[in-house]
Amino acid sequence: MEWFFLPWTFMAYLTAGFDPAGPPRTERHWYEPPGPAEKWMIETAYETVAAGNRCTRCGAPLGRPRLRADAWPVRVAARCRGTARHRHRAAVFRTPDGLHTHPLVRA
């Protein structure tokens, strides 16, 4: 009778819900540095923001943002392409709900 329960076992295994965050018992510590996927998401988000915004002081377009992702919070810095090269900064924090991003503001 083992053959009778075999399809049920596979069906229960294959139809289980998929959780991309991993098993619920696996907790990430707040002091862990951001992983490659988080760095990529932050970099992509701020490249999009910098491409669509201008410097708040001189109106020049913003350059490519750079990340300082040693630990949390991740620091993002961008400079305008004008002659004064004004700095713009933002911070990204990890929260239980996900990533919390701040806007690029002039430093």
Side-chain angles (χ1 to χ4, degrees):
M1 292 298 287
E2 293 175 6
W3 59 269
F4 181 73
F5 294 106
L6 190 61
W8 289 86
T9 305
F10 284 125
M11 190 57 78
Y13 176 74
L14 294 175
T15 59
F18 176 73
D19 184 12
R25 302 250 185 238
T26 306
E27 298 271 340
R28 293 185 70 179
H29 297 286
W30 295 108
Y31 57 83
E32 289 181 3
E38 291 169 327
K39 289 179 187 177
W40 177 81
M41 285 192 315
I42 294 168
E43 189 174 56
T44 304
Y46 278 102
E47 282 179 0
T48 305
V49 168
N53 286 340
R54 296 192 166 271
C55 179
T56 56
R57 185 157 186 171
C58 66
L62 294 178
R64 185 172 183 217
R66 297 181 184 210
L67 300 181
R68 188 171 142 218
D70 313 357
W72 293 102
V74 173
R75 306 287 182 194
V76 182
R79 290 186 176 264
C80 76
R81 294 186 195 164
T83 55
R85 310 269 303 157
H86 299 112
R87 292 181 303 194
H88 292 71
R89 292 184 183 164
V92 180
F93 296 93
R94 182 191 289 171
T95 63
D97 297 332
L99 297 177
H100 181 73
T101 59
H102 289 264
L104 278 171
V105 294
R106 192 172 67 81

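- Judged purely by atom type and a 3.5 angstrom limit, R68 has no side-chain atom pairing as donor or acceptor with the backbone of R75.
- Among all heavy-atom pairs drawn from R81 and G63, the shortest one is NE-CA, 3.8 Å.
- Here the rule is side chain to side chain contact (heavy atoms under 4.5 Å, CB included) with V76, and of T101, V92, V49 only V92 fits it.
- Ring geometry, F93 versus H102: the interplanar angle exceeds 60°, so the pair is classed perpendicular (tilted spans 30 to 60°).
- Linking Ile, Leu, Val, Met, Phe, Trp and Tyr residues whenever their side-chain heavy atoms come within less than 4.5 Å places W40 and W72 in a single cluster.
- R79 CZ to L62 CG: the interatomic distance, rounded to the nearest 0.5 Å, is 12.0 Å.
- Nearest heavy atom pair, residue G59 against residue R54, reads O-NH1, 3.0 Å.
- With rounding to the nearest 0.5 angstrom, the OG1 atom of T56 is 8.5 Å from the NE2 atom of H86.
- Between T95 and H100 the shortest heavy-atom distance is CG2-CB, 3.9 Å.
- The nearest pair of heavy atoms linking A78 to P65 is CB-CA, 4.0 Å.
- Atoms SG and CZ, from C55 and R106 in turn, are 7.0 Å apart once rounded to the nearest 0.5 Å.
- Separation of atoms CD (E38) and CZ (R94) is listed at 4.5 Å; rounding is to 0.5 Å.
- The salt bridge (charged side-chain N to carboxylate O under 4.0 Å, His left out) contacts involving residues 55-67 comprise E43-R64, E47-R64, where partners must be two or more places apart or lie in separate chains.
- Pairing each heavy atom of A60 with each of G82, the nearest pair is CB-N, 3.5 Å.
- Summarising the geometry, atom CG belonging to L99 is positioned 5.0 Å from atom CE belonging to M41; distances are rounded to the nearest 0.5 Å.
- K39 and P34 get closest at one heavy-atom pair: CE-O, 3.5 Å.
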